[in-house]
Amino acid sequence: MDARALAALAANPGCRRRALLDGAGVDKGALAEALGAPAPFGQSQFALVRGNAFEAKVKADGGTELMRLLYERLGGGAGEPREVLVPDLTAAGPEGRAARTALALREATGAGGWALLDHPMLALDVAGSPAYLEPDAVAVHPDGTWTVIEIKSFPMLDGSADAAKVGAAARQSAVYVLALERIAELTEGAGVGHRVLLVCPKDFSNLPTASVVDVRKQRAVTRRQLARLTRLEDIAAALPEGTTFDPGCPRQQLDAAVASVDAAYAPECLAACELAFHCREKARAAGAVEALGRSVRGELGGLTAVGEVLAAAAGKEGDPADPTVAALRRAAALRTEALEGGAACR
C-alpha cells in the first residue's frame with residue numbers, strides 16, 4: 001500500500017472490498033480490465049511531466065524557494081533559514097531508505113537548525129505489514145518540529161485551490177503525519193506538526209505559492225481506518241473456499257469472487273478507485289441508492305433501493321408515519337402540482 005491507497009481507504013472506510021483487495025496487494029486495474037469495466041484512472045502522462053517539472057523548480061538551489069515559503073507560512077519564532085541542511089537519504093531498498101530517513105530526522109533534530117529532507121522514505125505498519133511511503137519533502141524546524149510538505153501541480157487561484165483536490169492532498173498528507181509520529185516517539189525533542197504546507201502554482205503561472213492545511217481531522221480518520229484494517233483476516237475468513245482475484249481467471253468466476261466481498265460504492269469512488277466503474281454498474285443494476293451519492297443515501301434512511309423510494313413516494317409502500325416516507329410523498333405532490341401548473345400555463 002502507498003499513501004494514495006491509504007488515503008482512499010480513509011475516504012471510504014466502509015468499503016470492505018477495497019480494504020481486502022488493497023491489503024492483499026491485488027492489482028485492481030488488471031482486475032477491472034478482466035471484469036470488463038476498466039477505469040481511466042490515474043494521472044495523464046502530460047500531468048506527470050508537468051508535476052515533475054514544477055516540483056524540480058520548487059526544489060531548485062537546495063530548496064531555497066521552498067524553505068522561504070515554509071518560513072513565511074510556518075516559521076514561527078525561529079530565525080530565517082539561511083543555512084539549510086539537506087541530508088543524503090540514499091540507501092539500498094525501501095527498508096534501508098526508511099532507516100536512513102529515520103536517522104537523518106534524528107540527527108537534524110539534534111542539530112537545532114533548519115533541514116530539508118527531499119523524498120524521504122517512511123514506514124507505517126498496516127495490518128501487520130510495513131507500507132513504505134514517500135512524501136515530497138519533510139522540513140525540520142530549529143525547535144524540533146517536523147512539517148510535511150506536499151507539492152501539487154494543480155493551480156491555486158486567488159489564494160485558494162479546488163476543494164476536492166485539497167481534500168485529497170490533506171488525506172494523503174495525514175498518512176505521512178502518522179508515519180512521522182512513529183519516528184518522533186523515539187526521537188527526543190521532536191514533534192510532528194498537524195499543519196502541512198501545500199505548494200502549488202500561483203494562478204496561471206509556474207511560480208510557486210503555498211497555503212497551510214490543518215490535517216487533524218484527516219489524521220484521526222486515517223488512524224481509525226488503519227485500526228480497522230487489522231480485521232482483514234476476518235474479512236478473508238468469510239470468503240467462500242477457493243476464492244481468488246487472479247485476473248487470469250474466467251470472468252464469471254472473477255465476478256462471483258468480487259461480489260463475495262461487500263462494497264460501499266459512492267460517486268466519489270470514480271476519482272479514487274480502479275474498480276469504481278464495476279461497482280457503479282452493479283449498484284445501478286441493483287437499484288441501490290448509494291449510486292446517487294452519500295448525501296442522498298443518508299437522507300433516505302432505511303430505504304436502500306430506488307424502487308422502494310419511488311414506491312414510497314407514490315404512496316404504494318412505506319409507513320406514512322415515517323418522516324422519510326412523509327417527505328417523499330410531500331415532494332412527489334409538489335412535483336405533480338408544479339408539472340400541472342406548467343401544463344396549464346402552456
Output the distance between atom [atom1] ([X]) and atom [atom2] ([Y]), rounded to the nearest 0.5 Å.
| X | Y | atom1 | atom2 | result |
| --- | --- | --- | --- | --- |
| L20 | D262 | CG | CG | 11.0 Å |
| R106 | T187 | CZ | OG1 | 4.5 Å |
| L178 | L6 | CG | CG | 9.5 Å |
| M67 | L197 | CE | CG | 10.0 Å |
| E317 | L310 | CD | CG | 10.0 Å |
| R50 | S153 | CZ | OG | 4.5 Å |

Would you name the heavy atoms of [X] and [Y] that are closest together and state the gap between them?
| X | Y | answer |
| --- | --- | --- |
| A276 | Y265 | O-CE1, 3.6 Å |
| P135 | E150 | CA-OE2, 4.3 Å |
| V325 | G318 | CG2-CA, 4.2 Å |
| V192 | A184 | CG2-CB, 3.8 Å |
| A7 | V175 | N-CG2, 4.1 Å |
| T243 | A257 | CG2-CB, 3.8 Å |

Using the rule given for side chain to side chain contact (heavy atoms under 4.5 Å, CB included), can you reason through L198 versus V212, listing the C-alpha separation, both sets of side-chain angles and the distance that settles it, and then say yes or no? CA-CA 6 Å; L198 178 62; V212 175; over 6 Å; no

I'd like to check [X] versus [Y] (side-chain heavy atoms, cut-off strictly below 4.5 Å). Are they in contact?
| X | Y | value |
| --- | --- | --- |
| L117 | P87 | yes |
| L31 | V26 | yes |
| L89 | D118 | no |
| R18 | C273 | yes |
| I151 | F54 | yes |
| D246 | Q253 | no |
| H119 | D136 | yes |
| K28 | D22 | yes |

Between [X] and [Y], does any side-chain N to carboxylate O distance fall below 4.0 Å?
| X | Y | value |
| --- | --- | --- |
| E181 | R223 | yes |
| K59 | E55 | yes |
| D255 | K282 | yes |
| E95 | R97 | no |
| D88 | R100 | no |

Would you say [X]'s side chain and [Y]'s backbone share a donor-acceptor pair under 3.5 angstrom?
| X | Y | value |
| --- | --- | --- |
| D162 | K165 | yes |
| R16 | V261 | no |
| E308 | T304 | yes |
| R297 | G301 | yes |

Which is it for V289 and L303 under the side chain to side chain contact (heavy atoms under 4.5 Å, CB included) test, yes or no, and what are the steps along the way? CA-CA 8 Å; V289 297; L303 301 175; 5.8 Å; no

Are side-chain N/O atoms of D143 and T145 paired as donor and acceptor at under 3.5 Å? yes

Could you name each residue pair satisfying ring pair (Phe, Tyr, Trp, His ring centres under 6.0 Å) that touches residues 141-167, not counting sequence neighbours? W114-H141

Do D203 and M156 pass the side chain to side chain contact (heavy atoms under 4.5 Å, CB included) test, and can you show the C-alpha distance, the side-chain angles, and the key distance before you say yes or no? CA-CA 5 Å; D203 299 325; M156 196 173 291; over 6 Å; no

Linking I/L/V/M/F/W/Y whenever any side-chain heavy atoms sit under 4.5 Å apart, do [X] and [Y] land together?
| X | Y | value |
| --- | --- | --- |
| L85 | Y71 | no |
| L70 | V166 | no |
| Y176 | L74 | no |
| V258 | L239 | yes |
| V196 | L116 | no |

Cation-pi check, R280 to F277: give yes when NZ or CZ is under 6.0 Å from the six-membered ring centre and within 45° of the ring axis, no otherwise. yes

From the list T147, I149, L105, side-chain contact (heavy atoms from CB on, under 4.5 Å) with V138 holds only for L105

Verdict with reasoning, V215 to R195, per side chain to side chain contact (heavy atoms under 4.5 Å, CB included): CA-CA 6 Å; V215 298; R195 296 187 297 168; over 6 Å; no

Would you say E72 has more than 12 foreign heavy atoms packed within less than 6.0 Å of its CD? yes

